[in-house]
Each structure stands twice: as structure tokens, then as C-alpha cells.
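Note sheet for the following structure.
In the text below, chain A, chain B and the rest are named by the order of the sequence lines, each starting its count at 1.
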Amino acid sequence: MAQDSAGDDDYVDWNTDDDLEIDNFQSSPSPVHSRADTLVGVAVTTSSLSSPTTETTDLVQMGFSDEIFATLFDMGFPVEMIARAIKEAGPNAETSVIIDTISKYSSDCEAGSSKSKTIDHFLAMGFDEEKVFKAIHEHGEENMEKIANALLSCPEAEKVAEVKEEDDIDWSDDEINYADLLISDDEEDPNSSNENGNQIRSLVRMGFSEVEASLAVERCGKNVDIAELTDFLSAAQMAREFSEFHTDPEEQKPRHDVKKRRLESNRESRSSVDDEPVRLPNPMIGFGLPNEPGLITSRKLPELARGPPFFYYENVALAPKGVWETISRHLYEILPEFVDSKYFCAAARKRGYIHNLPINNRFQIQPPPKYTVNEAFPLTKKWWPEWDTRTKLNCILTVTGSAQLTERIRTALEPYTGEPEPPKHVQKYVIDQCRRWNLVWVGKNKAAPLEPDEMENLLGFPKNHTRGGRMSRTERYKSLGNSFQVDTVAYHLSVLKPIFPNGIKVLSLFTGIGGGEVALHRLQIRMKLVVSVEISKVNRNILKDFWEQTNQTGVLIEFDDVQNLTNDTIEKLMERYGGFDLVIGGSPCNNLAGGNRVSRVGLEGAQSSLFFEYCRILDVVRARMRRS
DNA sequence: GCTAATATGAACGGGTGT
DNA sequence: ACACCCGTTCATATTAGC
């Protein structure tokens with residue numbers, strides 16, 4: 001994002017304030033803004049922030065700062081279970097004792113009735129047992145989405161704090177056996193049966209479950225080759241080959257040299273030849289997809305990466321060589337999770353995410369988006385030519401095709417209207433243009449670029465999210481092109497819901513149009529506090545409008561330039577509000593993105609180097625959270 | 001109707017991965 | 001071989017502000 005609006009902010013410039021007079025600021029609306037109450041909401045008081053009202057939060061806050069808690073947490077144990085075990089075994093008990101205690105819960109569970117995986121899944125998330133049974137009874141055991149939705153829409157859902165039994169992971173060992181977590185156990189020859197009938201039936205005959213098969217068809221589209229479906233379904237097996245995700249004995253050693261290396265490498269250093277190159281997974285599904293059972297559900301984080309706050313960093317997956325290695329090195333050696341959002345919606349979006357979030361018991365927000373273009377935009381179906389075989393769109397960019405292009409395509413196709421299909425060379429021209437500019441068919445021989453509201457739809461934003469706020473059409477395209485895919489991010493952030501039942505305090509850097517905030521909102525995770533840093537004024541307007549329109553009860557504070565957010569200001573904010581639970585943001589990709597022909601110079605580029613500001617700020621937050 | 005600000009359209013390769 | 005990509009820059013068209 002170009003820093004074109006730096007300095008013209010009409011908010012109070014916090015960065016120049018020697019003293020952070022937040023109370024004064026709250027009670028004295030900006031003379032320019034008529035809605036100062038949205039800038040700093042008044043519903044949350046300091047006392048309610050600092051005095052947790054439920055036991056769960058208390059235990060989390062007590063335990064999470066504890067090394068043992070962090071260890072167990074990283075091993076994939078649910079928060080509630082750790083909390084209960086620590087309580088039972090005493091806060092000074094050794095890790096092994098606590099693990100033994102947890103194992104006892106596990107064997108208690110085995111001794112009882114055999115519960116289904118679905119039940120365990122939701123119990124582990126902390127939902128009330130009775131409600132889980134009810135939801136499963138109503139929606140059927142296989143419809144995880146509807147069950148999750150039913151449970152989440154239940155008003156009492158946030159009150160759950162009872163400890164529940166976990167699933168059948170072998171608790172006695174530090175190492176999680178990934179193979180045991182993979183559900184697709186039978187691997188029959190995919191070529192054994194391949195008739196052109198019902199694709200789902202074929203897949204079932206190949207040994208996939210009906211749920212898996214129907215999901216694959218839903219995800220990949222109905223017109224795709226059976227081979228593509230089997231590719232998709234074999235992702236679970238392929239996950240075993242992602243050696244970098246497995247626990248590496250080397251990885252468990254504390255890395256004392258990391259800090260030193262970070263200092264040494266700092267800004268000038270761009271060489272990462274000594275690092276192992278990161279490998280993009282294929283298919284690009286990260287640690288797994290919603291309702292795709294049996295992918296990686298646990299990982300071992302490097303020592304340095306543990307502990308509060310949670311953080312979530314995002315950037316383009318196909319950055320120049322060495323960039324992700326550098327990013328990873330500066331973010332505590334966590335390996336990136338690469339995900340293509342085409343597995344979450346009808347448009348591709350290949351991104352890398354580095355975070356220290358737990359990865360078990362993720363869930364998808366509701367309603368799930370449409371997976372194909374025809375489903376997402378039903379009106380295009382009527383005009384979509386047979387010879388355009390696309391079922392997914394390419395990545396949403398910051399620039400779109402022109403109206404003239406639509407006209408050129410129309411005149412190219414016009415002469416062949418009576419015929420079954422145009423000649424091959426015309427087809428090729430049209431298809432090439434459609435792919436390059438991400439066009440959809442909106443009329444006879446009429447292929448047009450996506451409208452802003454259609455992009456909002458694909459990216460998981462509410463309709464008209466970017467409308468208003470003095471935002472022009474061009475700016476909407478630009479901001480949307482720079483945004484998160486909400487469903488993807490929400491899936492990763494969903495694990496926060498049971499951990500923070502009372503809501504979270506968020507530091508949002510490079511907020512843009514608020515993809516992270518929208519994700520949290522759609523997860524129904526209350527945002528007690530959002531400190532947002534965004535250079536573009538119109539984007540800040542969008543977030544402010546969102547905050548107001550969704551009747552947020554928390555506090556929203558907006559800053560403009562991340563470079564002006566001093567360590568001192570961050571410290572004071574944390575002192576005032578009691579720290580941050582989540583630091584989230586995707587730094588500028590201008591100098592990394594493939595479309596840039598002028599200045600694709602890597603992390604040292606004028607905009608992309610702001611990544612180091614993310615690191616700086618995250619370090620300040622971590623330092624303080626660890627002190628307390 | 002003038003000027004200034006902003007919007008639009010087109011030309012601009014190549015790195016990275018399959 | 002082929003596909004794809006949170007982009008930049010300039011000239012021109014259009015709109016905003018007076």
C-alpha cells in the first residue's frame with residue numbers, strides 16, 4: 001500500500017503526544033470527527049478489562065504465562081484440560097505429573113461409553129456436553145458445519161468452562177504420532193474403478209468416505225476430472241510428507257543464537273543461503289482444511305515462539321527466493337503455513353501465514369462461501385460458454401480489467417453468435433484475457449471484471465463493506481486487492497474462541513479494510529480492544545464504519561503510520577489496557593508480489609521493509625507480556 | 001468556463017512453480 | 001513448455017471546485 005496519505009490524518013496524532021492522555025482523549029471528541037465515540041468506544045471500562053469474570057479466563061491468564069502451560073499447550077492439549085490438571089496437580093507440579101493427570105482423564109474417557117469423533121471434537125472445543133448431543137441429534141453426526149453453527153449461535157456457548165474429555169491421542173508421549181491422526185487409512189488403487197457416472201459413487205468405490213467424496217466435489221467443482229478429486233482427497237496422505245511440519249529433534253533444542261542472529265542480520269542482510277529453503281506445499285492447504293479430517297492437528301513450536309501474545313502474520317506465498325526464510329527467521333523460526341484460499345472460496349489467493357496459534361479444533365465460519373464461480377454468482381451461469389472451463393477465479397488483484405476490454409471481447413465473439421462455438425484462436429484469445437483479468441460472463445458475449453461487491457463476497461466481507469467512507473471505486477479495488485480472505489483467516493483464528501470466551505484485545509497492524517477484525521467478528525469473538533494501525537485514511541474510515549455498524553462494544557483506537565507508533569506509545573497502551581492477546585497483520589507485499597515489474601526487490605523494498613516494523617512492535621508487546 | 005485534482009486505460013517482464 | 005501474480009507508471013479522460 002502506497003503511503004500516500006501519511007500526515008493528513010485528522011485524528012489526534014498520538015505519536016506526538018508526550019503523555020498519553022487517554023481519558024482526556026475519550027472525553028473530548030475530535031473537532032473534525034463527529035463520531036468520536038466510535039474512535040474510542042465507551043462501553044468498556046478499565047475495571048472490566050482487568051478483572052476477568054470467569055474462571056476460564058483466570059486460569060488462562062494465570063497458566064499461559066507459565067512455562068509448563070506453554071509446553072502442554074503446544075503439545076495440543078485443550079486449555080480447559082490443562083487448567084484442570086494444573087489445578088488438580090498443583091501449580092508447582094512437574095510437567096510429567098500434569099501429563100499423567102491429563103492421561104487419567106483420557107483413560108477415564110476410554111472406560112466410559114465410546115463417544116464418536118464428532119462428539120469429542122466439540123467437547124474438546126469446550127462446548128457443553130448436553131448441547132453437543134442435542135446439536136448432533138438435530139443435524140446429524142456428519143454435518144459438522146451445522147453443528148458448529150448451532151453451538152455457536154447458542155447464547156450460552158460462551159459460558160462453557162467445564163472440562164471435557166479429549167479424543168484418542170496418545171497422551172503419554174511428547175511426540176504426537178501424526179500417522180495416527182490421519183483418518184484416511186485405506187489406500188486403495190485409485191485406478192481400480194473409473195467410470196463416468198456419479199463422481200461421488202466412484203470415489204466411494206475407491207475407498208473414500210461419502211463425506212470426503214461429496215466434500216471434494218463441492219470444493220473442486222462438479223465438472224473437474226476425477227483425477228483432480230482424488231488429488232484433493234489424497235492431501236491427507238501427502239501431509240505426511242511435509243517433513244518440515246513434523247517434530248524435528250533439532251527443533252526441540254533451545255535456540256540461544258537466534259537473538260544474536262537477528263541482530264546481526266538486521267536490515268542490510270538479505271542472504272539466507274544458510275537456511276533451508278522453504279517449500280511450498282502442493283496442494284497448498286496449510287495444516288488442513290475445514291471438514292477435511294485427519295490433517296496435521298498438532299505441531300511443535302520453537303521455544304522462542306511460545307507464550308503470549310498470540311500473533312498472526314501474513315504475506316504473499318510466491319515471494320522472491322529467500323524472503324520467507326528471512327521472515328521466518330525474524331518471527332522466531334516458525335515455519336510458515338501456506339494456504340491457497342481457493343480451498344475456502346471461489347477465488348485463488350496463495351498466501352503464507354506465520355503464527356503461534358494452536359492448530360487443533362479449528363472450525364469454519366458460517367455460512368461457508370460458495371466454492372465455484374457459478375455458485376457464487378449464479379447469474380453468470382446463463383452466459384458462461386461451454387468452452388470456458390474455469391470453475392475458480394484467479395487471485396483478486398488491486399487493478400482490474402477495463403470496460404474497453406469487455407467491448408473488445410464482445411466484438412471478437414460477435415461474428416460467431418450463430419455457430420456452436422467460435423474458432424479455436426478466438427477462444428484462446430478470449431480465455432487468455434478472462435484468466436489474466438479475472439473476467440466473469442455477465443451477458444451475451446460479455447465478459448466483465450468483477451464488481452467491488454462481488455470481490456467483497458469472494459473475500460468473505462459483508463456486502464458494501466468498502467462502500468462509503470469517501471472511498472472511490474478505484475480505491476475499493478485497491479483495498480480489496482490488498483485484503484485478507486476472511487474465511488481463511490477466520491479458520492486459523494477460530495481456535496481463539498474457546499481460549500478467550502470474554503473477548504480479546506487486538507493489536508492490528510496494516511489493518512487495511514479490517515479483514516482480521518471482520519474474521520473475529522464473524523467468529524463471534526468479542527473484541528474488547530482493537531488498536532489499529534493503517535496508513536490509508538479511507539481504509540480507516542471503512543474500519544470505523546464497520547465498528548459502528550456492527551455495534552461493537554469494545555474500544556477502537558486508530559493510528560495512521562506504523563513507523564510513528566513508538567515503543568513508548570505501545571507500552572503505555574498496554575499499561576492502560578493490560579496488554580494484547582493478539583497481534584495480527586499482513587505487511588506490504590508491493591516489493592514481493594509477482595505483478596510488480598518495477599520494484600520487486602524483496603523485503604528491503606520501500607514498502608515491504610515495513611515488515612521489520614511488525615517485528616519491532618511484536619517484540620515490544622512480547623517483552624512486556626513476558627515481564628508480567 | 002477555467003484549472004486542479006482524480007479516475008481510467010494501457011503498456012510495462014520476469015520470477016517462481018508445475 | 002505454460003500459468004500465474006495483495007503492481008507501477010505514464011498519458012489521457014473525466015470530474016470536482018471555483
Side-chain angles (χ1 to χ4, degrees), chain A residues 1-5 8 227-228 231 238 277-284 313-325 338-342 345 347-353 389-390 392-408 428 431-439 448-450 452 455-456 458-461 466 470-486 488-489 510-516 534-539 585-602 605-608 610-611:
Chain A
M1 174 93 40
Q3 302 183 50
D4 44 13
S5 54
D8 65 357
E228 193 171 325
D231 277 355
M238 295 184 72
V278 295
R279 191 159 68 85
L280 296 180
N282 183 12
M284 198 182 277
Y313 174 80
E314 177 260 13
N315 217 320
V316 288
L318 280 103
K321 274 190 160 58
V323 165
W324 274 108
E325 287 80 357
F338 292 106
V339 184
D340 188 340
S341 292
K342 78 175 178 184
C345 68
R349 205 163 189 80
K350 298 180 187 63
R351 297 292 181 267
Y353 305 90
T389 56
R390 292 176 300 156
K392 299 271 186 186
L393 291 170
N394 283 333
C395 186
I396 289 170
L397 305 174
T398 55
V399 285
T400 58
S402 65
Q404 277 83 340
L405 177 60
T406 300
E407 191 59 16
R408 284 198 294 273
K428 178 165 170 40
I431 294 291
D432 283 351
Q433 294 299 311
C434 285
R435 299 181 96 102
R436 166 173 297 185
W437 295 105
N438 237 3
L439 308 180
L450 292 167
M455 293 186 178
E456 288 167 349
L458 290 168
L459 291 169
F461 289 92
T466 57
R470 298 177 59 87
M471 205 178 216
S472 72
R473 187 184 173 82
T474 313
E475 285 170 316
R476 285 181 80 181
Y477 280 131
K478 188 175 171 186
S479 293
L480 286 161
N482 280 317
S483 172
F484 286 165
Q485 206 286 326
V486 171
T488 312
V489 172
F510 314 105
T511 304
I513 55 176
E534 168 57 39
I535 194 82
S536 157
K537 181 168 157 46
V538 281
N539 284 348
S587 66
C589 67
N590 308 36
N591 310 114
L592 312 178
N596 189 344
R597 308 175 179 197
V598 182
S599 52
R600 194 187 187 187
V601 294
Q607 289 81 33
S608 293
L610 291 175
F611 161 71

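Between A/Glu314 and A/Val489 the shortest side-chain heavy-atom distance does not fall below 4.5 Å.
A/Phe338 has its CZ atom 12 Å from the C1' atom of B/dT16, to the nearest Å. Atom CG of A/Leu480 is separated from atom P of C/dG7 by 12 Å (rounded to the nearest Å). Residue A/Lys392 contributes atom NZ, which lies 14 Å from atom P of C/dC4 at whole-angstrom precision. For the pair A/Arg436 CZ and C/dA3 P, the computed distance is 11 Å after rounding to whole Å. A/Leu610 places its CG atom 18 Å from the P atom of C/dC6, with the value rounded to the nearest Å. Rounded to a whole Å, the NZ atom of A/Lys478 is 11 Å from the P atom of C/dT9. Atom NZ of A/Lys342 is separated from atom C1' of C/dC5 by 14 Å (rounded to the nearest Å). Here the P atom of nucleotide C/dG7 and the CG atom of A/Asn438 are 12 Å apart, to the nearest Å.
In terms of position along DNA chain B, the nucleotide closest to A/Ala403 lies nearer the 5' end than the nucleotide closest to the other residue of the pair A/Ala403 and A/Pro320. The residue among A/Lys428 and A/Lys350 whose nearest nucleotide of DNA chain C lies closer to the 5′ end is A/Lys428. Summary of the strand contacts: A/Gly595 and A/Gly401 both lie near DNA chain B, and taking for each the nucleotide with the nearest heavy atom, the more 5' one is attributed to A/Gly401.
Taking the P atoms as reference points, B/dA11 lies 23 Å from C/dC6, given to the whole Å.
The listed nucleotides are B/dA7, B/dG13, C/dT8; the one nearest the side chain of A/Glu475 is B/dA7. Checked against C/dC6, B/dA10, C/dC4, the side chain of A/Arg435 finds its nearest nucleotide in C/dC4. You'll find that the side chain of A/Leu397 is closest to C/dG7, out of B/dA7, C/dT8, C/dG7. Taking the side chain of A/Ala348 as heavy atoms from C-beta on, and the options C/dC5, B/dG17, B/dC12, the nearest nucleotide is C/dC5. Listed nucleotides: C/dT8, B/dA10, C/dC6. Nearest to the side chain of A/Asn596: C/dT8. Here the nucleotide nearest the side chain of A/Ser402, chosen from C/dG7, B/dG9, B/dT16, is B/dG9. Each of B/dT18, B/dA10, C/dG7 was ranked by its minimum atom distance to the side chain of A/Asn282; first place goes to B/dT18.
Between A/Asn394 and C/dC4, a side-chain N or O to OP1/OP2 separation shorter than 4.0 Å is present. For B/dA10, one of the phosphate oxygens OP1 or OP2 lies less than 4.0 angstrom from a side-chain nitrogen or oxygen of A/Arg408. A/Arg351 has a side-chain polar atom (N or O) that falls below the 4.0 Å cut-off from OP1 or OP2 of C/dC6. In this structure, A/Ser472 does not reach the B/dT6 phosphate: none of its side-chain N or O atoms is under 4.0 Å from OP1 or OP2. Put simply, A/Asn590 has a side-chain N or O that comes within less than 4.0 Å of OP1 or OP2 on C/dT8.
Taken from CD1 in A/Ile396 to OH in A/Tyr477, the straight-line distance is 10.5 Å, to the nearest 0.5 Å.
When all heavy atoms of A/Pro588 and A/Ser608 are compared, the closest pair comes out as O-OG, 2.9 Å. Between A/Tyr353 and A/Trp324, the shortest heavy-atom distance links the atoms N-CH2, 4.3 Å. When all heavy atoms of A/Asn539 and A/Glu534 are compared, the pair lying nearest together is ND2-OE2, 3.2 Å.
Note on A/Arg476 versus A/Glu456: salt bridge recorded, some NZ/NE/NH1/NH2 to OD/OE distance being below 4.0 Å.
Within the nucleic acid shown, A/Ser341 has no heavy atom closer than 4.0 Å to any nucleic acid atom.
In this entry C/dC5 has B/dG14 as its Watson-Crick or G-U wobble partner, both defining distances falling under 3.5 Å.
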